[in-house]
Asker: 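Quick one: the structure is below, and I'll ask about it shortly.
Each ligand, and each atom within it, is numbered from 1 in the order the structure gives.
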Amino acid sequence: MTATAPREEQLWSRCAGCASLLYRKRLRRNLDVCPECGEHARLGAPERLRQLVDPGSLCLLPDRLPEADPLDFVDMLPYPHRLTGARASTGLAEGVVCATATIGGHPVALAVMDFRFLGGSLGCAVGELITRAAERALDDRTPLVLITASGGARMQEGALSLMQMATVSQAIAALREAGLLTVSVLTDPTYGGVAASFATNTDLVLAESGARMGFAGPRVIRQITGRALPEGFQTADFLLRHGQVDMVVQRRSLRGRLMALLAATRAGRPARPPVPRQEPASHRERLADDGAALAGPAAEGDTGTPAVRDAWDTVRMARHPGRPTTLDYLDSVFDGFVELHGDRLGADCPAIVGGVARLAGRHVMVIGHQKGHTTAELVARNFGMASPAGHRKALRLMRLAARLGLPVVTLVDTPGADPGVSAEEQGQAAAIAENILTLTVLPTPVLAVITGEGGSGGALALAVADRVLMLENAVYSVISPEGCAAILWPDRSAAPQAARALRLTAPDLRRLGVVDEVVSEPSSAAHDDPADTAHRLRAALLANLLPLLDVPPAMLVRLRRQRFRRFGANRVGARAGLR
Ligand SMILES: [Zn+2]
């Protein structure tokens, strides 16, 4: 190796598409698009901003948040070491860069994700920074532009990173209510929790040429279905063909397209009735006051579950085929269940059941994942893994409940959303994203119970609630222990270690504030005494639901927002410090 080698590498770079050796300066002049084959190389956030915004208009928003390692997560490396490495290699504080700027003279707030930083993963800090950018847009009454690039939620922050999907979505919902445009630009790659939340629940979704987007990654789908994937699966053109994005845009046209869209909405805005709002400065303080009034359970305190069981044993307990299912609870806990079917768009998903029922004489809407006790039942119900049609059926029932003034009770028991080819074609990510957003603002009480497996985005699509309960032997996680082990450990046999690291048990999540109350199970387990379990669940549902019925809907929504806003990095950091 000669001393000139590094400089040589900086001068030239090889195209990932056609392997042409390209002069670096020429490539950059061409916006990092290969002049030979049109391959769009991935861009870091700073370069992306430079390409998109008007020169001299960029004003970076603060990017420093208190250090947080809420789970004390260790795989092959402690999480703080991975963070330090990502900072050193990218020069960024976190996986997103937020700013205000103008694009063609139109003021916007922007959040640009950077895939180089731990795969653009969505953790508490990233969620908090994007939420602040959205709040800045609301304060300034400007559109919000999100440029996404992410492998999904950040495993090292467990269920707290899953909560960020709700936190950012509710900020998007606030902009939607205020009549302010939200635009996401999908860049390569955008997957998992980011795809299933703010990448797809914005008003407009643009895909950069060559970008791939989906809920489940191609490797996972291939592994589970055992089949080859269709040509061009999950690419921008595939997404366009299946109605998932508004347009596919070449990088050189992206700024121009954004300018045109921003101009159109600006022209349209004065026609809308102005939304009454208080002074921007007091907006968040008011929420904070409400949060204090809510006096939700503190992070510490008695969980009522002294039994300490290994996390991996709990995972196996949560998956036990004898464990009561949603239909069992509808029979034992509720009365007069009338099932409602269909998404009104062409399908009825058997993995989700829902309908009206009575709880101690009160009418409620119950929606839950349905597994089964036998192999035949499990197969017929797709193991409780909902398709997009299932999520859309749930959405329809949630909205119906709000119109009828019925409280919503959800029972969550799923390994995750259906990871299949047709699920991706039918917009799994967007379906989950819309449910999460709708639940953040649903004007009726919502009570969620994790009864078995709470598997990532598929679980959260039913679990953005005023109160979240969890059965003692249930689990709730951003990723399955097997999936986490396959990525962060040498192999899947490390699933028990991953289960411990992920803090997915009820007592752990109660301590982290993800769950409000742990519902104890009979001393053996739920599957050994379903009647006693039903009795305990019914008591917990009533104790938690009745107080919610007296809260006016607007207040409910405000408190719910506060509940999910508190998972931001600064609050988690403070909580971790208390431990
Ligand atoms: Zn090329």
Side-chain angles (χ1 to χ4, degrees), residues 1-2 4-53 55 86 89-92 95-97 103 110 112-121 145-152 184-192 194-195 199 205-214 217-219 221-222 228-242 244-259 424:
M1 191 61 81
T2 67
T4 57
R7 204 142 46 109
E8 290 292 311
E9 271 166 33
Q10 279 166 12
L11 286 176
W12 295 90
S13 95
R14 195 171 289 284
C15 171
C18 67
S20 297
L21 201 57
L22 301 163
Y23 188 48
R24 193 86 198 91
K25 275 187 181 161
R26 177 171 173 235
L27 187 60
R28 181 114 303 185
R29 268 201 309 278
N30 205 37
L31 309 179
D32 283 75
V33 176
C34 172
E36 306 297 326
C37 75
E39 167 87 8
H40 286 49
R42 287 177 188 166
L43 293 182
E47 175 59 20
R48 175 70 70 175
L49 282 165
R50 202 187 61 72
Q51 291 187 8
L52 285 183
V53 309
S89 65
T90 60
L92 302 178
V96 67
V97 177
I103 298 177
L110 297 119
V112 183
M113 303 184 84
D114 196 312
F115 194 77
R116 298 171 304 162
F117 197 104
L118 298 180
S121 56
V145 176
L146 304 172
I147 316 283
T148 64
S150 174
S184 74
V185 179
L186 310 176
T187 75
D188 194 60
T190 296
Y191 278 93
V194 170
V205 182
L206 281 56
E208 185 174 61
S209 187
R212 289 162 304 152
M213 185 279 283
R219 206 171 25 153
I221 298 175
R222 235 189 335 256
L229 299 175
E231 179 74 22
F233 185 62
Q234 295 179 323
T235 58
D237 292 319
F238 167 97
L239 297 170
L240 184 70
R241 209 161 53 241
H242 289 285
Q244 319 265 333
V245 298
D246 290 286
M247 64 189 84
V248 179
V249 188
Q250 299 274 330
R251 186 170 290 164
R252 75 180 116 77
S253 310
L254 188 55
R255 180 177 144 84
R257 282 302 170 87
L258 284 173
M259 280 166 56
E424 296 293 323

Asker: Less than 4.0 Å between a side-chain N and a carboxylate O, is that true for R28 and D32?
Answerer: yes
Asker: Is the backbone of A19 close enough, under 3.5 Å, to the side chain of R14 for a donor and an acceptor to pair up by distance?
Answerer: yes
Asker: Could you name all protein N, O or S atoms found under 2.8 Å from the Zn ion (ligand 1)?
Answerer: C15 SG, C18 SG, C34 SG, C37 SG
Asker: Given side chains that start at C-beta, do those of Q244 and V205 come closer than 4.5 Å, heavy atoms only?
Answerer: no
Asker: Please check if the side chain of D114 supplies one atom and the backbone of R116 the other of a donor-acceptor pair under 3.5 Å.
Answerer: yes
Asker: Using ring pair (Phe, Tyr, Trp, His ring centres under 6.0 Å) as the criterion, list what pairs up with F115, not counting sequence neighbours.
Answerer: none
Asker: Are E208 and R257 within salt-bridge range, i.e. N to O under 4.0 Å?
Answerer: no
